[in-house]
Novice: 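One structure is given below, represented as structure tokens, and several questions about it will come after.
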2 protein chains.
Amino acid sequence: MSDQPDIDRTDEEIITLLRQDARRTFADIAERVSISAPAVKRRVDRLQQEGLIVGYTAIVDHRRLGLPLQAFVELRFDGRTKVDDIASVAIGITEVETLYTTAGDPDAVALIRARDVDDLKRVIDLLRRSRHVTGTKTLMVLGTSEPPHGLRR
Amino acid sequence: MSDQPDIDRTDEEIITLLRQDARRTFADIAERVSISAPAVKRRVDRLQQEGLIVGYTAIVDHRRLGLPLQAFVELRFDGRTKVDDIASVAIGITEVETLYTTAGDPDAVALIRARDVDDLKRVIDLLRRSRHVTGTKTLMVLGTSEPPHGLRR
DNA sequence: TCTGAAAGTGCCAGAAT
DNA sequence: ATTCTGGCACTTTCAGA
């Protein structure tokens, strides 16, 4: 359970560049951070091994992939529910993009992607019928915006 | 504003593979989907051009990068607020990972990442003082879980 | 299929400890 | 002296036409 290993300015820059475009070449990164490509590769290998970089993913347009609807479903559980049981409500439901367990009024929040209203309804019903779930509240997402992604300190 | 272009099974597989690991080579993908590497490249180029693949990013461990706290901040706005004004509350606040505009009780939800409680407090205060914001409600995230990422239909 | 570019590896130099 | 990090040279693999 280590926490923050020694990350210098160059490591930060490399991470930022890879967050902006994960398919950048080492040579490209090397030029931007002013060290050689092999040196970049070694740093990236290290960052991965230390678990700072967990992986790389393609960002897709869900609308064009046939999942235009997005919603938060707040979940409330009965008092006996263990935290691990909470996480298990999402398993097998592919429409659940992320399940957040939370401290406070909703015990969890599921971020859903759905094809259409019927699909969304089906997913909500599935969640509502899950063991220990005592209630839900759904919040439709109209739009999202995020910063250019990478300048985060 | 086109929507769903012709995506065949191979395109879907390619997208899934790139979502699992965006740094996969065309040769690697080619082997897995049983076509040639140049054919994969052409498809990926097309998927990018059609806007199905928007970009590629590195997934980082925010805890180890010094941002261990995560929270939802529900935002309520006064009646005269335009939707575009809602999105603008997040600009300049690097701790806002995503701002969701929503239909219903909260008008928007900001997903926040913070260094520590003071940082979180600072961000919440910033949001509360934003123009048109009439109230907030904060929900701490205890944990997240997401499906292996890619099997989504 | 072919050419140039990038990835990946080994080796050595220099700096920091 | 040793450890860490970078550069260089080289081979293998990939990208792109």
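All chains are named by letter (A, B, ...) in the order of the sequence lines, taking the proteins before the strands, and each is independently numbered beginning at 1.
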Novice: What is the separation between atom CZ on R32(B) and atom P on dC14(D), rounded to the nearest whole Å?
Specialist: 12 Å

Novice: Test salt bridge (charged side-chain N to carboxylate O under 4.0 Å, His left out) on D61(B) and R63(B); report intermediate values, then the result.
Specialist: CA-CA 5 Å; D61(B) 184 334; R63(B) 259 186 346 225; 3.4 Å; yes

Novice: Do E74(B) and L139(A) come close enough that some side-chain heavy atom pair is under 4.5 Å?
Specialist: no

Novice: Between the two ends of the helix from dT1(C)-dA17(D) to dT17(C)-dA1(D), what is the bend in degrees, rounded to 10 degrees, where each end axis spans five pairs?
Specialist: 20°

Novice: Hey, is K121(A) close enough to D118(A) for a salt bridge, meaning N to O under 4.0 Å?
Specialist: no

Novice: Is there a side-chain contact between I53(B) and L18(B) in this structure, where contact means two heavy atoms from C-beta onward sitting under 4.5 Å apart?
Specialist: yes

Novice: Give the rounded distance in Å between these two atoms: CD1 of I35(A) and P of dC8(D).
Specialist: 12 Å

Novice: Could you write nucleotides 6-17 of chain C as a row of B, S and -, 5' to 3', where a protein heavy atom under 4.0 Å of any base atom gives B, of only sugar-phosphate atoms gives S, and otherwise -?
Specialist: SSSBB-------

Novice: Identify the heavy atoms of S88(B) and I91(B) that sit nearest to each other, and give their distance.
Specialist: O-CG1, 3.0 Å

Novice: Tell me, which pairs form a side-chain hydrogen bond (donor to acceptor under 3.5 Å, both in side chains) where one or both residues lie in residues 35-45 of chain B, sequence neighbours left out?
Specialist: D8(B)-R43(B), D11(B)-R43(B), K41(B)-D45(B)

Novice: Tell me: CD of Q49(A) to P of dC4(D), nearest whole Å?
Specialist: 13 Å

Novice: Taking atom CD of Q48(A) as the centre, report whether more than 12 heavy atoms of other residues, nucleotides or ligands fall under 6.0 Å from it.
Specialist: yes

Novice: Within 45° of the ring axis of Y56(A) and under 6.0 Å from its six-membered ring centre, is that where the NZ or CZ of R24(A) lies?
Specialist: no

